[in-house]
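The structure appears right after this line, and notes come after that.
In this text the structure is predicted, and so the values were computed from the model without any measurement. Both ligands and their constituent atoms are indexed starting at 1 by order of listing.
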Amino acid sequence: MGLFDRVKKIGLFSGFFSVSDEFYEELEEALILSDMGVDTAVEAVDELRSRVKSRKLRDEEDVKTCLREILVEMLEGGSAELCLSGKPAVILFVGVNGVGKTTTIGKLGSYLKTQGKRVLLAAGDTFRAAAAEQLTIWAERSNLDIIRHEEGSDPASVVFDAMNAAKARGADVVLIDTAGRLHNKQNLMNELNKIGRVIDREAGDASKEVLLVLDAATGQNGLIQAKQFSETAGITGIVLTKLDGTAKGGIVVAIAKELKLPVKFVGLGEGINDLQPFDAKAFAEALI
Ligand SMILES: Nc1nc2c(ncn2[C@@H]2O[C@H](COP(=O)(O)OP(=O)(O)OP(=O)(O)O)[C@@H](O)[C@H]2O)c(=O)[nH]1
Ligand SMILES: [Mg+2]
């Protein structure tokens, strides 16, 4: 259910539309229910209130357009474009377990290949038994190169090998998978640190992206995860997965606004083509 389906249900933007205090209160509630977070929702509604007033808006469509405009401004925290300069450009995927890191790499590998890029995958999740196998299946699907080691081996050495293989084979992009869970969180953060150092050493002048993968359904918890990973991993952007299963995409607005992190891709299903570059305008549209 889109945000405004809910709004309509409780009588807004339908019937006798009037920009009353109740309208703003119920809109604020609907935004909070979409997981935008209280602070962000209040700010959006305050801004709407002031723009509606100064522009003397009365028409339902005009008020909708105005809200859309505010959400887009909040969403455009940075460039949504993937940075892929130099060779091999590196994209490291981090995030807690089950959010969709490995699946996103599979989809993105395919997407980049259709753009003519030479892609190499690195199975940096050596912790979970089936992780490398899962990534291998994605590699085979799109006929991509993959570097994997045995289960339990050092992920930093997988990354080291992958970087060297990428240079030797002339790959354009290296997509690195990581574990979502280790024995404890400190271990995970230490491991990501170590991987980051190998990338810095091996990537030279090529671009480095660290994409935090978040499950849209985790809502406000995503904001906490983003803060934690930002501290160690130096996040450059967000991939928001599983938007097909939730109407609670409002978390994107909260993240873009509070952490100033751009959303680069959204996941809309489990299939190979279910990944889309993030488009703030289309997203605000869908949310409304
Ligand atoms: N509906 C839907 N399911 C998704 C999406 N992205 C991933 N999934 C599913 O979510 C589950 C977990 O995905 P993985 O890619 O294995 O997640 P992960 O982050 O690599 O998990 P760990 O390796 O355990 O940390 C799988 O069943 C995926 O098919 C999405 O955009 N929509
Ligand atoms: Mg995985």
Side-chain angles (χ1 to χ4, degrees), residues 1 35 80 91-112 119 121-142 144 146-153 155 158-159 162 174-192 195 209-219 221-222 224-226 228-229 232-233 235 237-252 255 263-279 282-283 286-287:
M1 194 165 60
D35 261 337
I91 310 178
L92 178 69
F93 290 79
V94 303
V96 303
N97 66 295
V99 289
K101 296 179 292 299
T102 308
T103 307
T104 300
I105 291 173
K107 295 174 187 172
L108 186 63
S110 159
Y111 173 86
L112 292 172
V119 181
L121 308 185
D125 180 357
T126 59
F127 184 72
R128 200 164 58 79
E133 199 45 48
Q134 189 189 353
L135 195 67
T136 303
I137 292 168
W138 280 107
E140 284 168 356
R141 242 174 238 170
S142 308
L144 308 174
I146 178 168
I147 297 297
R148 58 182 281 190
H149 287 185
E150 275 166 36
E151 183 193 333
S153 58
V158 176
V159 173
V174 182
L175 305 180
I176 305 172
D177 197 13
T178 62
R181 175 173 45 198
L182 290 186
H183 302 288
N184 61 54
K185 198 182 288 153
Q186 195 51 50
N187 271 356
L188 179 60
M189 296 303 165
N190 291 345
E191 185 168 294
L192 292 178
I195 289 172
E209 290 256 19
V210 183
L211 299 185
L212 175 67
V213 182
L214 292 176
D215 176 342
T218 55
N221 195 10
I224 297 166
Q225 289 169 25
Q228 286 171 342
F229 278 93
T232 13
I235 308 298
I238 304 282
V239 178
L240 192 72
T241 60
K242 310 191 194 183
L243 261 178
D244 49 308
T246 176
K248 299 202 158 198
I251 185 66
V252 182
I255 289 169
V263 180
K264 305 234 170 184
F265 287 93
V266 291
L268 299 164
E270 299 184 88
I272 199 160
N273 294 318
D274 296 329
L275 185 76
Q276 276 178 18
F278 181 68
D279 175 342
F283 186 81
L287 199 65

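- Residue Thr102 counts as close to the Mg ion (ligand 2), with an N, O or S atom under 2.8 Å.
- Short contacts between ligand 1 and Asp125, defined as distances under 4.0 Å to a heavy atom of the residue, involve ligand atoms 23 (O).
- When the shell of 6.0 Å around CZ of Arg181 is examined, it contains 12 or fewer heavy atoms from other residues, nucleotides or ligands.
- Neither the backbone nor the side chain of Gln276 comes within 4.0 Å of ligand 1, counting heavy atoms alone.
- Interface of Leu268 with ligand 1, defined as ligand atoms under 4.0 Å from a residue heavy atom, comprises 31 (O).
- For atom 17 (O) of ligand 1, the closest non-hydrogen atom on the protein side is Gly100 N, 3.0 Å.
- Among protein heavy atoms, the minimum distance from atom 15 (O) of ligand 1 is reached at Thr103 OG1, 2.5 Å.
- Of all heavy-atom pairs spanning Ile195 and Pro155, the tightest one is CD1-CB, 4.0 Å.
- Under a 4.0 Å criterion applied to the non-hydrogen atoms of Gly180, ligand 1 contributes the atoms 25 (O).
- Using a 4.0 angstrom heavy-atom cutoff, Asp274 does not count as in contact with ligand 1.
- Not a single heavy atom of Val213 sits less than 4.0 Å from an atom of ligand 1.
- Across all their heavy atoms, Gln134 and Arg128 have their closest contact at OE1-NH2, 2.8 Å.
- Annotation for ligand 1: atoms under 4.0 Å from non-hydrogen atoms of Lys101 are 15 (O), 17 (O), 18 (P), 19 (O), 20 (O), 21 (O), 22 (P), 25 (O).
- In plain terms, the two heavy atoms of Val174 and Ala122 that are nearest each other are CG1-CB, 4.4 Å.
- Scanning all protein heavy atoms for the shortest distance to atom 12 (C) of ligand 1 gives Gly98 O, 3.6 Å.
- Atom 30 (C) of ligand 1 has as its closest protein heavy atom Gly269 O, 3.2 Å.
- Counting protein heavy atoms only, atom 20 (O) of ligand 1 is closest to Thr102 OG1, 2.8 Å.
- Counting heavy atoms under 4.0 Å from ligand 1, residue Arg128 touches it through the side chain alone.
- Side-chain atoms of Thr103 never come within 3.5 Å of backbone atoms of Gly100 as a donor-acceptor pair (strictly under, hydrogens ignored).
- Nearest protein heavy-atom contact of atom 9 (C) of ligand 1 is Glu270 OE1, 3.8 Å.
- At the top of the distance list for atom 31 (O) of ligand 1, counting protein heavy atoms only, stands Lys242 N, 2.9 Å.
- In terms of protein heavy-atom proximity, atom 1 (N) of ligand 1 is nearest to Asp244 OD2, 2.7 Å.
- Near Gly267, with a cut-off below 4.0 Å to any heavy atom, the atoms of ligand 1 are 31 (O).
- A donor-acceptor contact shorter than 3.5 Å links the side chain of Thr241 to the backbone of Val99.
- Residues Ile251 and Leu240 approach most closely at CG2-CD1, 4.2 Å, considering heavy atoms.
- In this structure, the side chain of Lys107 engages the main chain of Asp274 through a donor-acceptor pair within 3.5 Å.
- A side-chain donor-acceptor contact under 3.5 Å links Lys101 to the backbone of Gly95.
- Close N/O approach between Leu243 and ligand 1 is not found [any backbone or side-chain N/O within under 3.5 Å].
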Item to check | Stepwise side-chain contact (heavy atoms from CB on, under 4.5 Å) check, Phe265 with Thr104 | outcome: CA-CA 9 Å; Phe265 287 93; Thr104 300; 5.7 Å; no

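- Contact of the Phe229 side chain with the Val210 side chain is not registered, since no non-hydrogen atoms from C-beta on lie closer than 4.5 Å.
- Remark: ligand 1 atoms within the under-4.0 Å shell around heavy atoms of Gln134 are 14 (P), 15 (O), 16 (O).
- Between the side chain of Thr126 and the main chain of Ser153, a donor-acceptor pair closer than 3.5 Å is present.
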